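Structure, as structure tokens:
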Amino acid sequence: MKYIKAILFSALLVLTAGSCTERELSIRPDNGPLKINFVWPDGQDGSPVQVQGAHLWLYGSDGTLYAAEQTSAQGYEARVPADTYIAIVVNDGCENAGYHGEESSSSCCMTAEDDAAHDGYLMQVDRVYCTGVGNITVNRGNIATEVTMYPENVVKYITFDIDPSYIDDIDQMQISMTGVVPSVYTMTGTYTSEPSGSVLADTQEQADGHFTGYMSVFGWDGSSTVTADIVFEGGETGTTIPVDISDELDGLPEEGGTVDVTLELENGGSISLTVTVTPWRTGTGGGIVG
């Protein structure tokens, strides 16, 4: 009888232990909730930019890509394995730019598309808002790790104002600039080591007789030269001698500024050019882990 009681008691212990294990697993799973909020930057008019959605990459502590998700503009929420993560986000609707190298957080970048209409030139880019944040620790259980990410505008805006002086028979004018950065790292917005390219900007004649053109790029690196290609009213064409404005651009403060240069025509004559760089970075970048 005592032997039977001992067997029943042992069986009860096994059942109790199994029940405790299942209970512990249900309370302490091997994953946890992660919530990521996005706060988008202000636009040129000072109001928040309108973003329809975003793309998020989540990298584990071993450096591998855990998830690549299409998300809402508000953020991302899911249960993920307990680990320490790096998150990178970029908005949907980037103009003339796409992401590459997303298999690694250190190589993920935004790259300007090639200008199909002009061989060897890059397209102008715009609406590229991105950032990354690391050390996102998700613990086992049901207490959420909350992160707020602040994407930045990584595009720089340039205005070209050309005063043709005494040359009054100009019909059309196009500005080209070399030394343009073709890609930036999505996490930091810093330039990659890709060779620089060139970008074209059409101009429009204004009421005061000046010609104005606009250019939006990721930035410039190395030798940045500016050239104007001119079509005169009689159909003749002319090209100005390239002028290197690298030092002047590099000397501008982060809030932008202007560069004044004179462009000399190859066959004589000159035009005055004012290059204005407007602020391109708003917000704090990165993110906050809560």
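Model, not experiment: these values are computed from the prediction. Side chains included, hydrogens not; waters and symmetry mates left out as well; all remaining heavy atoms used.
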(request) Apply side-chain hydrogen bond (donor to acceptor under 3.5 Å, both in side chains) to the pair Ser183 and Thr192, showing each step before the final yes or no. (result) CA-CA 6 Å; Ser183 61; Thr192 68; 2.5 Å; yes

Side chains of [X] and [Y], heavy atoms from C-beta outward: is any pair under 4.5 Å?
X: Cys109; Y: Met187; result: no
X: Ile158; Y: Val275; result: yes
X: Cys130; Y: Val154; result: yes
X: Val217; Y: Val181; result: no
X: Val226; Y: Leu273; result: yes
X: Ser224; Y: Ser246; result: yes
X: Asp42; Y: Val49; result: no
X: Thr227; Y: Pro242; result: yes

Is [X] linked to [Y] within one hydrophobic cluster, defined over Ile, Leu, Val, Met, Phe, Trp and Tyr using a side-chain heavy-atom separation of less than 4.5 Å?
X: Val128; Y: Tyr185; answer: no
X: Met215; Y: Leu263; answer: yes
X: Phe211; Y: Phe160; answer: yes
X: Ile167; Y: Ile241; answer: no
X: Leu200; Y: Tyr214; answer: no

Heavy atoms only: give me the nearest [X]-[Y] pair and the separation to one decimal.
X: Met177; Y: Ile245; answer: SD-CD1, 4.5 Å
X: Asp244; Y: Ser223; answer: OD2-OG, 3.1 Å
X: Val155; Y: Ser216; answer: CG1-CB, 3.7 Å
X: Glu264; Y: Gly269; answer: OE1-O, 3.4 Å
X: Ala112; Y: Phe218; answer: N-CE1, 3.7 Å
X: Ile86; Y: Ser105; answer: CD1-OG, 3.8 Å

From [atom1] ([X]) to [atom2] ([Y]), nearest 0.5 Å:
X: Thr148; Y: Lys35; atom1: OG1; atom2: NZ; value: 9.0 Å
X: Asp126; Y: Lys156; atom1: CG; atom2: NZ; value: 14.5 Å
X: Thr71; Y: Tyr76; atom1: OG1; atom2: OH; value: 9.5 Å
X: Ile271; Y: His210; atom1: CD1; atom2: NE2; value: 11.0 Å
X: Glu152; Y: Thr188; atom1: CD; atom2: OG1; value: 10.0 Å
X: Asp83; Y: Asp30; atom1: CG; atom2: CG; value: 11.5 Å

(message) Using the rule given for side-chain hydrogen bond (donor to acceptor under 3.5 Å, both in side chains), can you reason through Thr239 versus Asp229, listing the C-alpha separation, both sets of side-chain angles and the distance that settles it, and then say yes or no?
(response) CA-CA 5 Å; Thr239 301; Asp229 291 313; 3.0 Å; yes

Do other residues, nucleotides or ligands put more than 12 heavy atoms under 6.0 Å from the [atom1] atom of [X]?
X: Glu233; atom1: CD; value: yes
X: Gln206; atom1: CD; value: yes
X: Gln50; atom1: CD; value: no

(message) Go through it in stages, so that I can follow the logic: the residues are Val51 and Asp92, the test is side-chain contact (heavy atoms from CB on, under 4.5 Å), and I'd like the CA-CA distance, side-chain angles, deciding distance and then a yes or no.
(response) CA-CA 7 Å; Val51 174; Asp92 285 343; 5.6 Å; no

(request) Could you tell me which residues satisfy ring pair (Phe, Tyr, Trp, His ring centres under 6.0 Å) with Tyr99, sequence neighbours excluded, listed by chain and number? (result) His55, Trp57

(message) Checking Tyr129 now: which residues fulfil ring pair (Phe, Tyr, Trp, His ring centres under 6.0 Å) with it, not counting sequence neighbours?
(response) none

(request) Can you spot which of Asn31, Thr145, Ile136, Leu58 makes a side-chain contact (heavy atoms from CB on, under 4.5 Å) with Val80? (result) Leu58

Mind listing the side-chain donor-acceptor pairs of residues 115-123 below 3.5 Å, one per line with the distance, residues two or more places apart or on another chain?
unit_1 : atom_1 : unit_2 : atom_2 : d
Asp115 : OD1    : Ala117 : N      : 3.0
Asp115 : OD2    : His118 : ND1    : 3.1

(request) Would you sort out whether Glu146 and Asn37 count as a side-chain hydrogen bond (donor to acceptor under 3.5 Å, both in side chains), showing the intermediate values? (result) CA-CA 8 Å; Glu146 188 164 358; Asn37 307 304; 2.9 Å; yes

(message) The test is side-chain contact (heavy atoms from CB on, under 4.5 Å); show your working for Thr131 and Phe38 and say whether it passes.
(response) CA-CA 10 Å; Thr131 194; Phe38 304 140; over 6 Å; no

Side chains of [X] and [Y]: donor-acceptor distance under 3.5 Å anywhere?
X: Thr274; Y: Asp260; answer: yes
X: Arg127; Y: Asn96; answer: no
X: Asp62; Y: Tyr66; answer: no
X: Thr225; Y: Thr178; answer: yes

(request) Take Tyr85 and Asn135 through the test side-chain hydrogen bond (donor to acceptor under 3.5 Å, both in side chains) and record every step on the way to the result. (result) CA-CA 6 Å; Tyr85 293 93; Asn135 298 317; over 6 Å; no

(request) Apply side-chain contact (heavy atoms from CB on, under 4.5 Å) to the pair Thr159 and Val277, showing each step before the final yes or no. (result) CA-CA 7 Å; Thr159 300; Val277 178; over 6 Å; no

(request) Determine yes or no for a side-chain-to-main-chain donor-acceptor pair under 3.5 angstrom, with Thr203 supplying the side chain and Gln174 the backbone. (result) no

(message) Closer than 3.5 angstrom, by distance alone: can the side chain of Ser72 be matched with the main-chain N or O of Gly53 as a donor-acceptor pair?
(response) no

(request) Under the side-chain contact (heavy atoms from CB on, under 4.5 Å) rule, what do Phe232 and Ile170 come out as? Steps first, then yes or no, please. (result) CA-CA 4 Å; Phe232 296 96; Ile170 295 176; 4.1 Å; yes

